[in-house]
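To start, the structure under review is shown below, and the notes come after it.
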Amino acid sequence: MWLTTLFVMNDVALRILNRLSKAGNFLSGEDICREFGITRSAVWKHITLLRSEGYQVDALTGLGYRLSGMTGRPVDAEVTPFLQTRRLGKNIHYHGVIASTNIAAKALAGDGSPEGSVVVADSQTGGRGRMGRTWVSPSGVNLYFSLILRPVVPSVRVPQLTLLVAAAIHQALSNVGFTIAPLIKWPNDILVHGRKLCGVLCEMQSEPDLTHFVVVGIGINVNQSEMPQELKSVATSLFLESGHIFSRPELLAAVLNHFEPIYDTWLLEDDLGFILPYLEKHSLLQSKDVTIDQLNRTLSGRVSGISRGGELIVEGFDGQTLLISSGEAHLRK
Ligand code: BTN
């Protein structure tokens with residue numbers, strides 16, 4: 001029973017963990033009792049619970065408790081030490097298991113959660129991808145999180161966010177020591193050696209001239225050591241590509257650290273002009289022959305770039321220049 005209730009939003013153990021992490025040193029049992037309005041025996045129960053979840057907590061008579069070992073879960077207490085943001089990631093809602101962080105984030109956003117709030121899960125039972133696909137979300141190995149944004153922009157600009165996030169993830173990967181150069185596949189994927197490492201799913205609530213909120217869902221295959229048979233040819237992870245284990249809290253923080261300045265610039269600009277050189281330089285599709293599957297048609301041509309509005313620019317084989325704003329691009333053999 002304890003184990004299943006530990007990582008529920010606002011859980012006392014999670015908040016004590018956070019407090020111990022922030023203290024960075026011993027915190028007396030008495031102070032914890034006072035701060036959380038609980039008894040000494042309740043404090044002890046929560047400490048025991050944290051230990052059973054893998055956290056190392058020293059207990060010394062006369063001094064109290066000190067956090068001396070983390071677990072690598074993307075909880076607030078483990079992410080915050082890596083955060084360098086001003087406003088993103090200041091509220092992190094962690095779930096051990098959840099249907100989908102995007103669904104939870106949309107509910108929180110609807111209830112007024114501030115911009116920058118993050119919902120993160122250790123596993124998802126109903127992880128969602130683009131075009132109604134599922135996002136396979138095994139526990140304890142990858143990153144699944146959703147960021148709430150409240151950009152004051154017309155809703156037509158919102159799809160551009162996917163590309164901004166892809167750029168931020170791309171930068172964050174090299175920042176945490178992933179040395180193999182990934183490529184951005186318009187509009188929302190990051191691939192290595194032709195296999196997908198990461199996907200972004202943006203969902204919004206808006207009126208034509210007003211965006212109420214955007215939920216940016218990000219899935220990154222981090223330490224997964226084996227892909228299900230049906231995904232082996234199309235998906236990969238940082239571990240599978242490099243043989244190294246990566247810190248999920250550090251990577252989550254790195255994505256937010258890189259995204260915040262990009263997002264802030266975008267809010268001040270009219271379009272993606274400021275980041276196009278980066279996107280095109282690291283684009284899988286740049287100068288390639290592609291086929292684009294859209295809902296009711298298929299187009300083909302050579303990619304010449306990305307427009308300032310975020311569309312893929314394709315020089316059609318029939319001589320027409322096409323601006324593609326939706327669909328799935330495939331490299332032609
Ligand atoms: C795609 O490439 O199709 C997008 C995948 C997005 C997956 C992430 S995992 C966290 C968030 N919650 C979801 O249900 N989906 C996104």
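Read the numbers this way: they start at 1 and go in the same order the structure lists the ligands and their atoms.
- Among pairs with a residue in residues 28-38, those fulfilling side chain to side chain donor-acceptor pair (under 3.5 Å) read Arg19-Glu35, Ser28-Asp31, Asp31-Arg34, at least two apart in sequence or across chains.
- Under the 6.0 Å cut-off for aromatic ring centres, His46 and Phe36 do not qualify, their centroids lying 6.0 Å or more apart.
- Between the side chains of Ser68 and Asp58, at least one donor N or O sits under 3.5 Å from an acceptor N or O.
- Near ligand 1, heavy-atom contacts under 4.0 Å come from Ser100, Thr101, Asn102, Gln124, Gly127, Arg128, Gly129, Arg130, Trp135, Tyr144, Phe145, Ser146, Asn188, Asp189, Lys196, Gly199, Val200, Leu201, Gly217, Ile218, Gly219.
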Anything under 3.5 Å between a donor and an acceptor, one on a side chain of residues 148-159, the other on a protein residue two or more places apart or in another chain? List them.
| residue | atom | partner | partner atom | Å |
| --- | --- | --- | --- | --- |
| Arg150 | NE | Ser113 | O | 3.0 |
| Arg150 | NH1 | His212 | O | 3.3 |
| Arg150 | NH2 | Ala109 | O | 2.8 |
| Arg150 | NH2 | Ser113 | O | 2.7 |
| Ser155 | OG | Glu207 | O | 3.3 |
| Ser155 | OG | Pro208 | O | 3.0 |
| Arg157 | NE | Asp270 | O | 3.4 |
| Arg157 | NH1 | Glu269 | O | 3.1 |
| Arg157 | NH2 | Trp266 | O | 3.0 |
| Arg157 | NH2 | Glu269 | O | 3.2 |

> Between Ser139 and Ser123, does a side chain to side chain donor-acceptor pair (under 3.5 Å) hold up when you go through it step by step?
Replying inline: CA-CA 4 Å; Ser139 86; Ser123 69; 5.1 Å; no
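- With sequence neighbours excluded, no residue satisfies side-chain hydrogen bond (donor to acceptor under 3.5 Å, both in side chains) with His244.
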